[in-house]
There are 2 protein chains.
Amino acid sequence: MANRRASITDLAKTLGLSPSTISRALSDHDDVSEATKARVRQLAEELHYQPNQLAAALRRGRSNTLGVLVPHITGHFFPQVVHGIATEAAKLGFNVMICQSNEDARQEQKNIDLLMNSQVEGILVSLANTTQSFGHFEAVRQQNIPLVFFDRVVEDFSGSNVSAVMIDDYQGAYQVVTHLIEQGCTRIAHFTGPLHLNIHKNRHQGYRDALAAHGLPLDEELIMFCEMSQKGGTQAMRQLLKLPRRPDAVFSSNDLAAIGAIQAVKSARLRVPKDVAVVGFSNEMFTMLTEPMLSSVDQRCEQMGKTAVQLLQKMLKSGPNRQGPPKPIVLKPRLLVRESSQRR
Amino acid sequence: MANRRASITDLAKTLGLSPSTISRALSDHDDVSEATKARVRQLAEELHYQPNQLAAALRRGRSNTLGVLVPHITGHFFPQVVHGIATEAAKLGFNVMICQSNEDARQEQKNIDLLMNSQVEGILVSLANTTQSFGHFEAVRQQNIPLVFFDRVVEDFSGSNVSAVMIDDYQGAYQVVTHLIEQGCTRIAHFTGPLHLNIHKNRHQGYRDALAAHGLPLDEELIMFCEMSQKGGTQAMRQLLKLPRRPDAVFSSNDLAAIGAIQAVKSARLRVPKDVAVVGFSNEMFTMLTEPMLSSVDQRCEQMGKTAVQLLQKMLKSGPNRQGPPKPIVLKPRLLVRESSQRR
DNA sequence: GTGAAAGCGCTAACAC
DNA sequence: GTGTTAGCGCTTTCAC
């Protein structure tokens, strides 16, 4: 019943040729006559011959597969990056194996092993947020399997086949604040999450530096450490509006809290952006749905995936005998100015 | 330089044992002495031995890998389903290879071939919307590779190793309309996209039948064929509000248009849900962010992915000698009543 | 232009 | 308990 697949040996027997000739014909090798190629191709077609990639990969020592390890495939960011990875990988002729660490260091380790056992040719990783030690990547480095970290990277992990792609959060924040200043805002508040997370730390620093660069004073009471949810944003905004001198703008470290801020401003009968301009971060899908539409920062998720694959490809092509690994790439985020911050 | 990986043969030589013993020891086979197992394991550890899955898979004729083919990994729905698939597959010990058809029938075909060549043990597919013919699935059926369609299924494609998972759109719509009627609404409008798409057709039918079942008249002027975007929803709602007898509720076939409707109602100085109750479909992330929060229908995306994998597993375990394939599974959607439709 | 032969790394049937 | 042997399906030298 289970119609065994036709193999090269089968084709060979049927045509009275040797397996090697069949193999060569199928891969369009120069030194097979056109006539033979034609016969082979036709029979392959008829029998629905499907080359066994496993066998080919084993023989060649190349699996043609890339491994991807992400914390999860939910929310806004990772699906988009994965989409970018899958698309670029397909373009370059790679298959993609995807694993999730579920933000768990142990699963991350197991998945790294799994990917290596599956003989992937390269690995793309975004770290689980519980990962503290990096022994499991040591093995990857030792085997000289090209490794690209994206977004959540190990800063001090280098090697001849290791690279990284990140987004410049600092720069994104800096752009936001500069933009707000250009719109005439002078008391710019900042919503941030815990600063031990890089994304918040860098955005926070960009905020401070942009203020300083434009000669604006830093008012600590405008910096709100809040839960970065809609509710958190609403609460933080309510507090700010009670200040004797209330802010005329908010830069929120994510979009959710920014939306909360807009809602709080509106329910205080103030106007966005006239009384308070608001800018978020990440360019989530729903930024287009609010009234007014929320200005935000595009993190170029797909580009990140694409770039990560390209880095991998570069390492694969040049082999380990090279002047160091490709430099880490830092993507420039794009400020998207929408209604919530456009005052003139 | 490229530290070749240790192989079973290497372990065998080092320990003065035969490869088969090593293999058995590593897979914890009963008839290897504990002493030997211990020695083998220790050496394996030391040398960072990683079994070559490719070779094992080739030999066993089982790759331990499932293939997933989706139109794309963007938006709300597919990432969630893929997440469900990946999670369940990992739980059952499968790797997952993911491809995107980009809504293109030709790429779909190529990817199916690719997955088969990669010797996946089963395939999960959601059809590209351009797919008209199904020859490429014929090959899968012939090879007896278990195949599960999810969400976008081929209705009349059956086989001993083919099954499907869908969501009951009709039922979801029916629930929505029943709920609105229970809230006291009597003139319930419906926003729908083109009816040649199954999702819209079924939701539309659910709408009609629910009205009829509760003895409410069907008013064709309340059925709006509109673009299912925020803007489309706004425009459709504006038109409806101009009617002599305006509707007191809207059931939109998706969330985006529902949000548009809410905005139109609000800017007409009417209130949601008091004057017009609104319910969407799909339970997108942003339904929680609107004011009032949007009632919607949860499509149970993750559950769909999980169920699809379980169906595959069932076919794999029982083999082809069975009384027909597992029955297609139709998931019951869940109505989530939020503020936008709660009138009492 | 084609064939013979070896072997990728692993497993499993069969010996002892 | 352990070893011997063969082979999964393919590619690739080396021969002719």
Side-chain angles (χ1 to χ4, degrees), chain A residues 2-41 43-44 47-65 113-114 116-121 143, chain B residues 2-41 43-44 47-65 113-114 116-121 143:
Chain A
N3 237 325
R4 201 180 58 74
R5 298 145 129 95
S7 70
I8 283 198
T9 320
D10 298 335
L11 301 196
K13 281 188 185 137
T14 315
L15 292 180
L17 289 168
S18 76
S20 30
T21 303
I22 306 291
S23 173
R24 286 187 278 239
L26 289 172
S27 46
D28 201 18
H29 219 286
D30 277 344
D31 41 43
V32 176
S33 73
E34 277 308 324
T36 309
K37 280 185 189 170
R39 286 173 62 208
V40 172
R41 286 194 195 123
L43 183 66
L47 299 187
H48 300 110
Y49 167 74
Q50 303 272 19
N52 183 328
Q53 305 270 21
L54 246 45
L58 177 60
R59 177 59 234 245
R60 285 211 203 90
R62 302 192 50 230
S63 68
N64 233 40
T65 300
D113 284 351
L114 178 80
M116 297 199 6
N117 298 350
S118 304
Q119 316 297 117
V120 296
E121 296 188 38
Q143 305 284 347
Chain B
N3 237 325
R4 198 177 62 73
R5 297 144 130 96
S7 70
I8 283 198
T9 320
D10 298 336
L11 301 197
K13 281 189 186 138
T14 315
L15 293 179
L17 289 167
S18 75
S20 34
T21 303
I22 306 291
S23 173
R24 286 186 279 239
L26 290 172
S27 45
D28 201 19
H29 217 287
D30 277 344
D31 40 43
V32 176
S33 73
E34 278 307 325
T36 310
K37 281 186 190 171
R39 286 173 62 210
V40 171
R41 286 193 195 123
L43 183 64
L47 300 187
H48 299 110
Y49 167 75
Q50 302 274 17
N52 183 330
Q53 305 269 21
L54 245 45
L58 178 61
R59 174 63 233 247
R60 286 212 201 92
R62 301 193 51 231
S63 67
N64 232 39
T65 301
D113 283 352
L114 178 79
M116 298 203 357
N117 297 350
S118 305
Q119 315 298 115
V120 297
E121 294 189 37
Q143 305 283 347

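What's counted below: heavy atoms across the whole structure, side chains too, no hydrogens, waters or symmetry copies. So that the names make sense, note that chain A is the first sequence line, chain B the second, and so on, each numbered from 1.
Closest heavy-atom contact between B:Leu54 and A:Ala57: CD2-CB, 3.5 Å. For the pair B:Leu15 and B:Arg39, the tightest heavy-atom approach, listed with the atom from each and the gap, is O-NH2, 3.2 Å. Taking all atoms of both residues into account, the shortest heavy-atom contact from A:Ser27 to A:Ser23 is OG-O, 2.9 Å. Of all heavy-atom pairs spanning A:Thr14 and A:Asp10, the tightest one is OG1-O, 2.7 Å. Nearest approach of B:Pro19 to B:Ile8, heavy atoms of both residues: O-CG2, 3.6 Å.
The distance between atom CG of A:Leu58 and atom P of D:dG7, rounded to the nearest whole Å, is 17 Å. In this structure, CE of A:Met116 is placed 15 Å from P of C:dG9, rounded to the nearest angstrom. If you take CG of B:Asn117 and P of D:dC10, they are 10 Å apart, rounded to a whole angstrom. For A:Leu54 and D:dT11, the CG to P distance is 12 Å, given to the nearest whole Å. In this structure, the CD atom of A:Gln119 is 9 Å from the P atom of C:dG9, given to the nearest Å. Computed from coordinates, the A:Arg62 CZ to C:dC8 P distance equals 18 Å when rounded to whole Å. Taking atom NE2 on A:His29 and atom C1' on C:dG3, their separation rounds to 14 Å, with Å as the unit.
Only B:Gly16, B:Leu17, B:Ser18, B:Ser20, B:Thr21, B:Arg24, listed by number, bring a heavy atom of residues 7-27 of chain B to less than 4.0 angstrom from any atom of DNA chain D.
Listed candidates were C:dT2, C:dG9, D:dG1. Nearest to the side chain of A:Val32 is C:dT2. Considering only the side chain of B:Ala55, C:dC10 comes nearest among D:dT12, D:dG1, C:dC10.
A:Ser7 places a side-chain N or O within 3.5 Å of a backbone atom of A:Thr9 that can act as its donor or acceptor partner.
In terms of phosphate contacts, B:Tyr49 brings no side-chain nitrogen or oxygen within less than 4.0 Å of OP1 or OP2 of C:dG9. Taking 4.0 angstrom as the limit, A:Thr36 places none of its side-chain polar atoms (N or O) nearer than this to OP1 or OP2 of C:dG1.
Checking B:Arg60 against B:Asp30, the closest nucleotide of DNA chain D that is more toward the 5' end is the one next to B:Asp30.
Across all strands, B:Asn52 comes closer than 4.0 Å only to sugar-phosphate atoms, never to a base (heavy-atom distances).
By the 4.5 Å heavy-atom criterion applied to side chains, A:Lys37 and A:Asp28 are counted as neighbours.
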